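Only one structure is covered here, and it is reproduced in the block below.
In the text below, chain A, chain B and the rest are named by the order of the sequence lines, each starting its count at 1. All of these numbers come straight from a predicted model, not from anything done at the bench.
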Amino acid sequence: MKPDAPAEPRNFFQDVHEVVRLVPPGRVTSYGAIAHYLGARHGARTVGYAMMAAHTADQYVPAHRVLNRLGHLTGRLHYATPFAMQEALEAEGIRVEEDRVVDFAKLFWDPSVELA
DNA sequence: AACCTGACATGAT
DNA sequence: TATCATGCCAGGT
């Protein structure tokens with residue numbers, strides 16, 4: 001049982017932001033991968049919400065490295081300009097075509113594997 | 001203070 | 001094989 005809650009109410013968003021910050025430049029990951037790493041199979045959606053709230057995080061969160069499972073830049077419309085996300089990725093040597101990351105499978109960085 | 005919305009993914013019909 | 005409905009969390013109005 002759990003008479004009292006954990007000392008640290010570690011918010012899901014906090015965890016998500018932390019994991020995203022661990023994604024190395026030139027690499028990308030997906031909402032689902034992060035959710036799975038955090039133990040929430042159906043929490044992918046929440047991960048997306050976390051990204052939207054990423055700008056409220058204390059530290060910078062490279063949200064441009066997080067895509068949906070198809071490698072699409074789903075969050076690009078949330079940036080200052082619709083191209084900011086793509087430009088940020090290309091600046092790291094990642095090729096983007098038609099709002100989709102080329103060689104997504106190769107560049108994919110799975111936290112449950114890399115941080116195992 | 002309550003309700004609504006919002007960067008996804010999976011399983012079942 | 002494609003579509004529908006469900007699961008998850010926090011912030012803003």
Side-chain angles (χ1 to χ4, degrees):
Chain A
M1 262 76 86
K2 300 179 80 167
D4 34 338
E8 187 172 331
R10 203 170 189 69
N11 290 350
F12 207 81
F13 281 31
Q14 289 275 12
D15 280 342
V16 173
H17 293 163
E18 188 174 338
V19 174
V20 175
R21 283 198 300 262
L22 294 177
V23 179
R27 290 303 192 101
V28 294
T29 188
S30 72
Y31 303 94
I34 296 172
H36 187 68
Y37 173 69
L38 296 179
R41 194 159 79 268
H42 290 279
R45 198 176 195 179
T46 309
V47 174
Y49 304 156
M51 302 319 303
M52 174 183 163
H55 76 99
T56 66
D58 294 333
Q59 297 178 46
Y60 173 68
V61 179
H64 60 277
R65 295 177 196 151
V66 184
L67 318 167
N68 72 352
R69 78 181 197 72
L70 298 178
H72 280 255
L73 282 57
T74 48
R76 73 170 194 165
L77 295 177
H78 288 260
Y79 282 79
T81 75
F83 301 101
M85 188 173 185
Q86 177 170 345
E87 289 175 1
L89 288 169
E90 293 180 331
E92 297 182 355
I94 299 175
R95 280 251 290 162
V96 179
E97 287 184 11
E98 298 186 353
D99 298 343
R100 188 184 60 169
V101 170
V102 181
D103 289 331
F104 177 65
K106 289 184 186 174
L107 300 175
F108 189 71
W109 186 85
D110 189 348
S112 27
V113 173
E114 306 294 340
L115 302 179

Query raised in the report: Going by heavy atoms in the side chains, are Tyr37(A) and Val113(A) under 4.5 Å from each other?
Result: no
Query raised in the report: With a 4.0 Å cut-off on heavy atoms, is Ala35(A) in touch with a base, just the backbone sugar-phosphate, or nothing at all?
Result: nothing
Query raised in the report: Can you hop from Ile34(A) to Tyr31(A) via hydrophobic side chains spaced under 4.5 Å?
Result: yes
Requested in this report: Please round to the nearest 0.5 Å and tell me the distance separating atom CG of Asp15(A) and atom OG1 of Thr46(A).
Outcome: 12.0 Å
Mind listing the N/O atom pairs, protein and nucleotides 9-11 of chain B, below 3.5 Å?
{"from": "dA9(B)", "atom 1": "OP1", "to": "Arg69(A)", "atom 2": "N", "distance (Å)": "2.4"}
{"from": "dA9(B)", "atom 1": "OP2", "to": "Arg69(A)", "atom 2": "N", "distance (Å)": "3.3"}
{"from": "dT10(B)", "atom 1": "OP2", "to": "Arg69(A)", "atom 2": "NE", "distance (Å)": "3.4"}

Query raised in the report: How many Å lie between NE2 on His78(A) and P on dA10(C), as a whole number?
Result: 19 Å
Query - Nearest heavy-atom neighbours spanning Ala44(A) and Gly32(A) - result: CB-CA, 4.1 Å
Report task. Rounded to the nearest angstrom, tell me the gap between atom NE2 in His17(A) and atom P in dG11(C). Result -> 9 Å
Query raised in the report: Does a distance-only test, which skips hydrogens and angles, find a donor-acceptor pair under 3.5 Å between the side chain of Thr46(A) and the base of dC8(C)?
Result: yes
Query raised in the report: Is the ring of Tyr49(A) stacked on the base of dG11(C), with centres less than 5.5 Å apart and planes under 30° off?
Result: no
Query raised in the report: Starting at CZ of Phe13(A) and ending at P of dC8(C), how long is that distance when rounded to a whole Å?
Result: 15 Å
Query - Distance, rounded to the nearest Å, where Met52(A) contributes CE and dG6(B) contributes P - result: 8 Å
**Report entry** Rounded interatomic separation in angstrom, taking CG from Leu77(A) and P from dG6(B)
**Finding:** 13 Å
Report task. Please say which of Glu92(A), Arg21(A), Arg27(A) ends up in a side-chain contact (heavy atoms from CB on, under 4.5 Å) with Pro62(A). Result -> Arg21(A)
**Report entry** Gap in Å between the two C1' atoms, one belonging to dA9(B) and one to dG11(C), rounded
**Finding:** 22 Å
Query raised in the report: Would you say dA10(C) has OP1 or OP2 under 4.0 Å from some side-chain N or O of Asn11(A)?
Result: yes
Report task. Kindly give the heavy-atom pair with the smallest separation between Pro111(A) and Thr29(A), and that separation in Å. Result -> CD-OG1, 3.7 Å
